[in-house]
Amino acid sequence: MQLLKGEKEEILACVKEVLGENSKTHENLIPILQQVQKKLGYLPALAMDKIAEGLKVPAVDIFSLVTFYNQFRLNPPGKHEIKVCMGTACYMTGGDITLESFERRMGINEGETSLDRHYSLDRVACVGCCTLAPVAVIDDEVEGKVTPTRVDGIMLALEEDREDNAIEKSGPKVGAEDE
Ligand code: FES
C-alpha cells in the first residue's frame, strides 16, 4: 500500500518515540507493536522494519507475529470504516451475502483498504443488535437489515462523500512514496 504524503516521516517519528519510551527487549515486542498501532491506526511494513532494527530481531519474525494475532492490523483504516457483522444471527440472515455485496461494490476483500483509503472493510463478531440482522457498522453507526439493495444505498452515500471531498481538496491525496 502506498504511503500518503508525509506518512513516512510520521511513521519514523512514531517508531522512534515508542522505542525511546520502552526498553528494547524481546519481551517488549508486543507492547511496542500495540503502542505503534495505537498511534498510527495500523502497522505499516516500514514501522515493522524499524521495530525489527531497533530490537535486533528478524523482520520476518515480527511479520509472522502480527499476522498470527487478530489484534494487529496491517492495512490502514479507510476514511470510511465498514464492518459487517458475522455473528450467528447476522450470518443466518445473510451476513455473508452482505459482506460479498460490499466486497463487489468496493473492489476489495474483507480485511483490506481501498488504494485511495476511502474505504476499509472488515468482518466483526456480534455487535449486540441481533434483532436488526443482518447488521453492518458504517463509521460507528449501526445499520440494520442490510440487504444488497441497502448496500447500494450506503455505497451511493459514501461515493457522494468522495466527490465532495475531491472538490474540496483538488489533486490526489496519495503521494509517490513507497513503503
Ligand atoms: S449477530 Fe450480528 S448483531 Fe448479533
Side-chain angles (χ1 to χ4, degrees), residues 1-15 18 33-53 59-60 62-86 95-125 127 134-143 146-179:
M1 168 92 37
Q2 270 192 326
L3 297 179
L4 301 178
K5 277 199 185 306
E7 193 177 12
K8 182 176 176 183
E9 292 72 21
E10 185 190 352
I11 292 166
L12 294 175
C14 171
V15 172
V18 171
L33 291 168
Q34 287 169 329
Q35 288 165 41
V36 170
Q37 175 164 286
K38 191 170 177 197
K39 286 173 189 279
L40 297 175
Y42 76 116
L43 284 172
L46 176 61
M48 289 190 279
D49 285 343
K50 292 296 166 189
I51 292 168
E53 267 177 45
V60 68
I62 295 190
F63 185 77
S64 304
L65 189 137
V66 302
T67 50
F68 180 77
Y69 289 109
N70 282 341
Q71 64 174 295
F72 294 119
R73 181 181 183 104
L74 292 170
N75 291 311
K79 177 183 175 192
H80 294 294
E81 295 183 70
I82 290 89
K83 301 179 184 103
V84 179
C85 179
M86 294 299 277
D96 53 337
I97 296 168
T98 303
L99 182 62
E100 272 178 39
S101 300
F102 275 116
E103 286 179 333
R104 217 169 314 117
R105 284 158 181 77
M106 290 178 184
I108 58 174
N109 295 317
E110 57 146 318
E112 293 181 347
T113 304
S114 60
L115 278 180
D116 63 359
R117 302 201 191 182
H118 195 65
Y119 306 116
S120 53
L121 179 64
D122 291 286
R123 67 164 66 203
V124 289
V127 294
V135 165
V137 183
I138 316 295
D139 297 333
D140 297 329
E141 289 283 322
V142 173
E143 296 274 348
V146 185
T147 59
T149 310
R150 182 82 191 97
V151 169
D152 285 341
I154 292 168
M155 290 299 297
L156 198 62
L158 297 179
E159 282 299 322
E160 276 173 9
D161 171 53
R162 185 206 295 271
E163 282 159 19
D164 289 350
N165 205 36
I167 292 164
E168 278 170 28
K169 301 176 186 173
S170 57
K173 291 171 71 183
V174 177
E177 298 166 59
D178 288 317
E179 271 184 282

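Below, all heavy atoms of this structure are taken into account, side chains as well, without hydrogens, waters or symmetry copies.
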Q. Which pair of non-hydrogen atoms, one from Tyr119 and one from Ile108, has the smallest distance, and what is that distance?
A. O-CD1, 4.2 Å
Q) Does Thr98 use its side chain to pair, donor to acceptor, with the backbone of Val146 at less than 3.5 Å? A) yes
Q.
Measuring only between side-chain heavy atoms, which start at C-beta, is Arg104 closer than 4.5 Å to Val151?
A. no
Q) In Å and rounded to the nearest 0.5 Å, what is the OG to CG distance from Ser101 to Asp152? A) 7.5 Å
Q: Test side-chain contact (heavy atoms from CB on, under 4.5 Å) on Met86 and Asp96 and set out the steps.
A: CA-CA 7 Å; Met86 294 299 277; Asp96 53 337; 3.9 Å; yes
Q: From the options Leu12, Val36, Val18, select the one residue that forms a side chain to side chain contact (heavy atoms under 4.5 Å, CB included) with Lys50.
A: Leu12
Q: Decide yes or no on side-chain contact (heavy atoms from CB on, under 4.5 Å) for Asp122 and Arg73, but give the supporting numbers first.
A: CA-CA 11 Å; Asp122 291 286; Arg73 181 181 183 104; 3.1 Å; yes
Q: Over all heavy atoms of both residues, which pair between Ile62 and Leu33 is shortest? Give the atoms and the distance, please.
A: CG2-CD2, 4.0 Å
Q) Within a radius of less than 6.0 Å around CZ of Phe63, do more than 12 heavy atoms belonging to other residues, nucleotides or ligands occur? A) no
Q: Give a yes or no on whether the backbone of Glu103 and the side-chain of Glu110 come within a donor-acceptor separation of less than 3.5 Å.
A: no
Q) For Asp49 and Ala59, which heavy atoms make the closest approach, and how far apart are they? A) OD1-CB, 3.7 Å
Q: Starting at CE of Met48, measure out to CG of Leu43 and round the result to the nearest 0.5 Å.
A: 6.0 Å
**Q.** Test side chain to side chain donor-acceptor pair (under 3.5 Å) applied to Glu10 - qualifying residues, sequence neighbours left out
**A.** none
Q) Rounded to the nearest 0.5 Å, what separation is found between the CD atom of Glu112 and the CE atom of Met106? A) 11.5 Å
Q: Kindly compute the distance separating NZ (Lys79) from CG (Leu158), expressed to the nearest 0.5 Å.
A: 9.0 Å
Q: Might you confirm whether atom NZ of Lys83 has over 12 heavy atoms from other residues, nucleotides or ligands at distances under 6.0 Å?
A: yes
Q: Give the ring-plane orientation class for His118 versus His80, where under 30° counts as parallel, over 60° as perpendicular and anything between as tilted.
A: perpendicular
**Q.** Shortest non-hydrogen contact between Ser120 and Thr113, atoms and distance
**A.** CB-OG1, 3.6 Å
(Q) So, using side chain to side chain donor-acceptor pair (under 3.5 Å) as the criterion, who are the partners of Asn75 when residues are at least two apart? (A) none
Q) Closest approach of Ile11 and Pro44, non-hydrogen atoms and distance? A) CD1-CG, 3.5 Å
Q | All side chain to side chain donor-acceptor pair (under 3.5 Å) counterparts of Arg150, not counting sequence neighbours | A | Glu143
(Q) Nearest 0.5 Å, please: how far is CG in Leu4 from CZ in Arg117? (A) 4.0 Å
Q: Nearest 0.5 Å please: distance from the CD atom of Gln34 over to the NZ atom of Lys38.
A: 10.0 Å
Q: Compare every heavy atom of Phe102 with every heavy atom of Ala136, then report the nearest pair and how far apart it is.
A: CB-CE1, 4.1 Å
**Q.** Glu141 atom CD, over 12 foreign heavy atoms within 6.0 Å
**A.** no
